[in-house]
**Q** 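Here's a structure for you.
In the text below, chain A, chain B and the rest are named by the order of the sequence lines, each starting its count at 1.
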Amino acid sequence: MDTTGSASGQRAATWAWLTLVVITIGSWWLSPAHSGGTALPSAPITAVVLLLAIIKSRLIIRYFMEVRDAPRWLRHSTDAWLAVLFAAIFVIYLI
Amino acid sequence: MTLTARPEQRRDEHVPGDNDMWVMVLGDMIIFAGYFIVFMIYRSMHAREFLAAQEHLDVNIGVVNTVILLTSSWFVVRAVTAARAGRSAQAIRLVYGGGLGGVLFMALKGYEWVAKIRAGHGNSEMFYSFYYVVTGVHLIHVLIGLIVLGTVVRELRNPGRRRATVVESGAIYWHMVDLLWVIIFALFYVMR
Amino acid sequence: MQILEDVQDTPRAGNIKAQWVSLWTGPVVGVVLLLAALAFPGFRPPMSPTMSADQVASFYADHTAWIRFSQATFNLCGILILPFFTVIVVQMKRMKNQSHVFAYCYLTAVVSGATIFALSNVFFLVAAFRTDRSPELIMLLNDLAWIVLIAPVGMVVSQFVLLALAVYFDDPTDPVFPRWVGHFSLFTAAAMVPAAGAAVFHTGPLAWDGLLSFWLRNGAFAVFVIVMFFVLRTALHRQAVEDRVVAA
Amino acid sequence: MSRVDDAAGAAGGEGARQSGRRMLRRTPDGVKPDVWLMTLFFPAWYAVFGVIICLLTRVTPPPRPDVTAADKVAFFTQHHLTIQIGFTLLLILLGGAAMTNGLVGYQMKRMSVGSVFAYGYIGGMSVGALPGFLLVTVCFLTAAFRPDRDPALISLLYDLGMLSYNGSLGCFTAAYLVLAVAILYDKNNVFPKWFSYVSIWQIITEVIATQMFVFASGPFSWNGSIAFWLAVVVFSVWLGALIVLLRGAARQEPVTAPALA
């Protein structure tokens, strides 16, 4: 197996992990539990939360599951899953 | 995003793990998408009630659990790299690290459930009925994931086997557990 | 059956002996069940579905002891008929150049069928447990008991069909069972079918006390067990001779 | 099986195969006719079963759990005839469930892992036939038998029937579990590995179905979007895959393979 490729893949995965942790800790401030008992619905915050969730999901799929090196059908089907799911979530949220 | 792979880093396209595992993972992703969408439908029908219930979720535990699971996934990524490079002993240690993350996650989740039930948030509230079912099903996936990691360790221990596809397949399952949790975290803990 | 002295302790002799014992449980358990059936007041004649709730309740109040005795006997001994049917499974598995898929399907059906039978006497016994219950409830338990006892013929029907299929697919040059057993088995299956109507009809031959549902169904089943006892005895003897466990 | 049988099996085999052929002319070459017969029976039975439960007896899609006793009486009045026709048919055909499960058990016995999982599957499914199929049949027929019963009792039969039909979980969970494990350990490739994972989804849907004992309405009730409809989708995938895979497994087994011990 190509070890140098793996090493760089691992470095990319480590960056992905760092990004994921930073986003997660960042989401902490957005949560309704921090609103002092008066959380109000907020489409912008929800949009941001969902966007961050898409980024996190895609990082996990691409870098942890190594889909970025996978054949096209797999890359496209995982992306389609993300797109359909989050579009549905947001549309239902807005209705 | 700064993490796009440079073209020369791209190895030959290959399906990580085996196709059987991808049937499992993609199918499970679709099933969970079903849960999420049904959750959203009920949430939009009872938006205020759900938001009020959400405020009682302990986001600290949610964040810590997410970080635990992400870190355990990162261990497993490194385990796959080590296994590919033939460093089986290191790979086994890393898989154990990943498994430890899973155990910690389950323990914290159990604590969170008990705390919520003690605080009177039983499943008579619609939000919490979803919360218990979805996180419960996710917990079963964590448990299955721990069994999968166990088979990966067994594979790596046996010098005659150590097939890359088995290690990769196990890793992909474990990352799916992580992936689903990240979305649960966003929908149950953070969005409003 | 006299087992030859020099093979007395071999596994193949053990196999024959085990089947022999299981085969003989058939008539023994059969007699016990017949006595239980005769002791059950609700079979002399079979209780009518047209009885009113009060009539049913007073029936249970008047005959409590015999109902308890007979149905507890059914409860205790009903499933003891199972070893008899497992001999049929073992003989089906001796059929040559068959995959034995029928034997496994047959075994599945036997287990399910027996489980269903085991349920009915519990309803009878619960109805007789507190006869001061509201008559409506006693009638409900009585309906459930009778319907579960008579109507669910599916599992036994498929048993007989599977046995027939296995006989027809058997090697015609050296069959385990003679071919007429297949026809007989199909005939018995057909005799069972009308009893399913017991869950619908209150009067007539299809009601649970009727000619077809009660007498034909249970009669055909009893005849099948008796006939199969002799068929199995012959088949088992042939196996014993082939295996050189007994003298030819 | 005795030694004598094995010896005679090879000699008398052709005769049996011929008689089998006569039974089922259209068996593809190289496939055991008796196995093929059961393999064809499998989808046929589920088709009939589907017609019975969906069109005649109306238990799938399920009637609502959150209705009054009077509504339940009305349900039995409205569908009185079709319930009686459908469930009487099911009483006669119920054995088909045992035959289909026996076929799966047979294919599992061909796996390299030996018989233990096959017997586990047969055991789980045989027990499951009682709470899973029979109890609802008997409850609904008993309710339809005397429609003038106290509505509270009709309501009891309705709940008992629906909860046992949709909520008998353990027998099937056990069967799916041994099936999944058997496939993963099998080296004969009787079923592909992904089917094991599909069986694991089935277990998950059974876990979620526990909630239908808790909720009389909403997504987790016995007609709920998650506890019922998603589970039906997964079950359809499982069943459809099994129908196809059983054909493959039957074709894959050499016609000359010795019978299973």
**Q** For a 4.5 angstrom cut-off between non-hydrogen side-chain atoms, does B:Leu51 reach A:Pro41?
**A** yes
**Q** At a heavy-atom separation under 4.5 Å, does A:Ile45 approach chain B through its side chain, its backbone, both, or neither?
**A** side chain
**Q** If I take atom OG from residue A:Ser57 and atom CD1 from residue B:Ile183, how far apart are they, to the nearest 0.5 angstrom?
**A** 4.0 Å
**Q** Under 4.5 Å heavy-atom distance to chain B, tell me which part of A:Leu52 shows up: side chain, backbone, both or neither.
**A** neither
**Q** Between A:Ile60 and B:Leu70, is there a side-chain heavy-atom distance shorter than 4.5 Å?
**A** yes
**Q** Check each atom of B:Leu26 against the heavy atoms of chain A and say whether the ones under 4.5 Å are side chain, backbone, both or neither.
**A** side chain
**Q** Measure the spacing between CZ of A:Arg11 and OG1 of B:Thr81 and express it to the nearest 0.5 Å.
**A** 11.0 Å
**Q** With a 4.5 Å heavy-atom cut-off, do B:Asp178 and A:Leu20 have their side chains touching?
**A** no
**Q** Could you check which of A:Ala88, A:Ala53, A:Pro71 has the highest count of heavy-atom pairs closer than 4.5 Å to chain B?
**A** A:Pro71
**Q** Between B:Phe185 and chain A, which part of the residue has a heavy atom less than 4.5 Å away: side chain, backbone, both or neither?
**A** side chain
**Q** Nearest 0.5 Å please: distance from the CE atom of B:Met29 over to the OG atom of A:Ser77.
**A** 8.0 Å
**Q** List the steps, then state whether side chain to side chain contact (heavy atoms under 4.5 Å, CB included) holds for A:Val49 with B:Tyr189.
**A** CA-CA 10 Å; A:Val49 169; B:Tyr189 289 80; over 6 Å; no
**Q** Quick one: what part of B:Asn65 sits under 4.5 Å from any heavy atom of chain A, side chain, backbone, both or neither?
**A** neither
**Q** For the atom pair CG (A:Leu59) and NE2 (B:His175), what is the distance rounded to the nearest 0.5 Å?
**A** 13.0 Å
**Q** Does the pair B:Trp74 and A:Gln10 meet the rule for a side chain to side chain contact (heavy atoms under 4.5 Å, CB included), with working shown?
**A** CA-CA 9 Å; B:Trp74 179 57; A:Gln10 181 170 323; 5.6 Å; no
**Q** Looking at chain A, which one of B:Val76, B:Thr71, B:Val67, B:Val80 has the largest number of heavy-atom pairs inside 4.5 Å, strictly under?
**A** B:Thr71
**Q** When you measure from the side chain of A:Thr46 to the backbone of B:Arg192, do you find a donor-acceptor pair of N or O atoms at a distance under 3.5 Å?
**A** yes
**Q** Report the C-alpha separation of A:Leu50 and B:Leu187 in whole Å, then their side-chain angles, then the decisive distance to 0.1 Å, and conclude whether the side chain to side chain contact (heavy atoms under 4.5 Å, CB included) test is met.
**A** CA-CA 8 Å; A:Leu50 293 180; B:Leu187 296 188; 4.0 Å; yes
**Q** Is it the backbone or the side chain of B:Ala47 that comes under 4.5 Å from a heavy atom of chain A, or both, or neither?
**A** neither
**Q** Apply side chain to side chain contact (heavy atoms under 4.5 Å, CB included) to the pair A:Val67 and B:Trp22, showing each step before the final yes or no.
**A** CA-CA 11 Å; A:Val67 169; B:Trp22 278 105; 3.5 Å; yes
**Q** Side chain, backbone, both or neither: which part of B:Arg43 has a non-hydrogen atom closer than 4.5 Å to chain A?
**A** side chain
**Q** Which atoms of B:Val64 come close to chain A, meaning under 4.5 Å heavy atom to heavy atom: side chain ones, backbone ones, both, or neither?
**A** neither
**Q** Is it the side chain or the backbone of B:Val77 that comes within 4.5 Å of chain A heavy atoms, both, or neither?
**A** side chain
**Q** Nearest 0.5 Å please: distance from the CE atom of B:Met176 over to the CZ atom of A:Phe64.
**A** 15.5 Å
**Q** Going from CG on B:Leu179 to OG1 on A:Thr78, what distance comes out if it is rounded to the nearest 0.5 angstrom?
**A** 9.5 Å
**Q** Within a strict 4.5 Å, meaning less than it, do heavy atoms of the B:Ser44 and A:Ile92 side chains meet?
**A** yes
**Q** Please state whether the side chain, the backbone, both or neither of A:Ala13 comes within less than 4.5 Å of a heavy atom of chain B.
**A** both
**Q** Chain B heavy atoms under 4.5 Å from A:Leu74: which part of the residue, side chain, backbone, both or neither?
**A** side chain
**Q** With a 4.5 Å heavy-atom cut-off, do A:Tyr93 and B:Met191 have their side chains touching?
**A** yes
